[in-house]
Novice: 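Can you keep this structure in mind? I'll have questions shortly.
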Protein chains: 2
Amino acid sequence: MSSRNASPERRPAARAEVEDAILRAAEAEFAEKGYDGATTAAIAARAGLPKANLHYYVATKEALYRRVIGGVLDAWLAEARSFDENGPAAEALTRYIEGKMDLARARPLGSRIFAREVMSGAPAVRDFLETTLAEWVKARGAVVEGWIASGQVRPLDPKVLFFTIWAVTQHYADFGAQIAALNGGAPLDDDAFAAAKRQVVETILRGIGPDRA
Amino acid sequence: MSSRNASPERRPAARAEVEDAILRAAEAEFAEKGYDGATTAAIAARAGLPKANLHYYVATKEALYRRVIGGVLDAWLAEARSFDENGPAAEALTRYIEGKMDLARARPLGSRIFAREVMSGAPAVRDFLETTLAEWVKARGAVVEGWIASGQVRPLDPKVLFFTIWAVTQHYADFGAQIAALNGGAPLDDDAFAAAKRQVVETILRGIGPDRA
DNA sequence: CGTCAGTTTTTCCGATCGGTCAAACGCCCC
DNA sequence: GGGGCGTTTGACCGATCGGAAAAACTGACG
């Protein structure tokens, strides 16, 4: 098919690299400044190309935003699969919470874009929330109900449990600046973050565990 | 002193009312759209006056924003005093968590403005974070250490406990749109919110309680 | 060497924003 | 009733933004 390249990995790769640089630049700008605060000129500059060139690869600022948001949602779903591997409640929840904490540390930008989006009334992700996420919550809520029935978890509303887990884990991404300010100005180092992760997991697991008589 | 009014409560009250309307309109706009997304025209329209009139009461958009942020921080500090009344750990923490949950429900706008501010790198609240809040955390951290020493709380990092409480309570303000989407499209009603509040308090209290042998 | 598709870049445009200005308005006191 | 002062308002301005347009450049291929 592609007969125009002697070295078949040069030009197509370059295009993919440029598009990837644009997406990463846009993610950073949208996370820091928000949709309105971000400018296409700043995104282009961060990606290393003139503003007009950006519009050759992506039609509008909104289309670029929707692509970035789509990537964020994909990453969310991919990571949420860690919930589904079998095992006892404590193992599954530990895996899930630790996965979300690690994601918050490794890629905090997506979480911030999502938070801004939801705080603005979720115009671009409402459909995701009402369909995909609602189904996810319903299905995994049934799993939690099973844990309650088998006595692994005390009786509670699974939805509130999910809210709790999301809130705490995303907090480490969204409020990184606050955490750093209370940590002497620097982000948590690896040891401090690992300790926080252990405490979060332990607190939630104890918090939802069954009564111990 | 003020010799220009026959009825001394008429005109000054009107001025205070206008300024209050401006502050409430600005709070709503900044919470929904963010600093860059909010426009002085929209704020003025929401407050019921022409844009030019807004600038008679407040010099610049940034000055208005700083006034709003100042009010948010004041409300935070006022509400945080509920932590300080004496009593056993469970009572103090229940009071504190329930107070923050109620505040998140009654006035979610301030929480969203604060969240956006921190996600943007906290340019307007960095000083608050590094001084006032840092001192608050240090002092109340010592209280938590006392609870640990007296066996009311298992050994843990007080800062991570505060992060957990803030994360969960503010989540109900910041992610109200997400919670509504997962609640059939409507915000939690009074009963559902009260149940969520109970579960949050119970989860955290069990989560940090001492080992029960 | 000329063509041509894909890409880059300079220039420019209309819309919108925060903020200014000066005229008009309302109201009180002499 | 006429100054005078605080307030209101429409008109306007410079800056900035998202985006369009078109010329210039590039490298592969006949």
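Letters A, B, ... are given to chains in the order of the sequence lines, protein chains preceding strands, and every chain is numbered from 1. Hydrogens, waters and symmetry mates play no part in the numbers below; they use all other heavy atoms, side chains included.
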Novice: With a 4.0 Å cut-off, would you call Arg105(B) and Asp190(B) a salt bridge?
Specialist: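 Salt bridge: yes.
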
Novice: Separation of Arg15(A) atom CZ from dG27(D) atom P, in whole Å?
Specialist: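 Going from Arg15(A) (CZ) to dG27(D) (P), I get 17 Å.
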
Novice: Salt bridge between Glu32(B) and Arg112(B), side-chain N to carboxylate O under 4.0 Å?
Specialist: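 A salt bridge is absent here (no side-chain N lies under 4.0 Å from a carboxylate O).
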
Novice: Output the single nucleotide from dG10(D), dG18(D), dG19(C) whose closest atom is nearest the side chain of Thr60(B).
Specialist: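 Of the options given, the side chain of Thr60(B) lies nearest dG19(C).
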
Novice: dC17(D), dG19(C), dA21(D): which one has an atom nearest the side-chain heavy atoms of Ala52(A)?
Specialist: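 Selected nucleotide: dA21(D).
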
Novice: Can you measure Lys61(B) atom NZ to dG19(C) atom P for me and round it to whole angstrom units?
Specialist: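 About 8 Å, once rounded to whole Å.
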
Novice: How long is the line joining CG of Leu54(B) and C1' of dG10(D), in whole Å?
Specialist: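 Taking CG of Leu54(B) and C1' of dG10(D), I get 16 Å after rounding.
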
Novice: Over how many whole Å does the gap from Leu49(A) atom CG to dT9(C) atom P extend?
Specialist: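 It is 8 Å, rounded to the nearest whole Å.
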
Novice: Tell me: CG of Asn53(A) to C1' of dA24(D), nearest whole Å?
Specialist: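 Rounded to whole Å, this separation is 13 Å.
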
Novice: Output yes when Glu202(A) and Arg198(A) qualify as a salt bridge under the 4.0 Å nitrogen-oxygen rule, no when they do not.
Specialist: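 Not counted as a salt bridge, because no side-chain N and carboxylate O are separated by less than 4.0 Å.
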
Novice: Output yes when at least one side-chain N/O atom of Tyr56(A) is less than 4.0 Å from OP1 or OP2 of dG19(D), else no.
Specialist: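 No, because none of the side-chain N or O atoms of Tyr56(A) sits under 4.0 Å from OP1 or OP2 of dG19(D).
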
Novice: Roughly how many Å is it from CD1 in Ile43(A) to P in dG19(D), rounded to a whole number?
Specialist: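 The answer, rounded to whole Å, is 10 Å.
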
Novice: Are Glu29(A) and Arg46(A) close enough for a salt bridge, meaning some N to O gap below 4.0 Å?
Specialist: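 Yes, this pair counts.
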
Novice: Between the base of dG18(D) and the side chain of Lys51(A), is there a donor-acceptor distance below 3.5 Å?
Specialist: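 Counting by modelled atom types and ignoring angles, a donor-acceptor contact under 3.5 Å is found here.
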
Novice: Let me know the distance between OH of Tyr57(B) and P of dG19(C), rounded to the nearest Å.
Specialist: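 Spelled out: OH on Tyr57(B) to P on dG19(C) is 18 Å.
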
Novice: Rounding to an integer number of Å, can you tell me how far His55(A) NE2 sits from dG6(C) P?
Specialist: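 Atom-to-atom, His55(A) to dG6(C), this comes out as 21 Å.
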
Novice: Answer with base, sugar-phosphate or nothing: what part of the nucleic acid does Ala38(A) contact at a heavy-atom distance below 4.0 Å?
Specialist: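 Here Ala38(A) touches the backbone only, sparing every base.
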
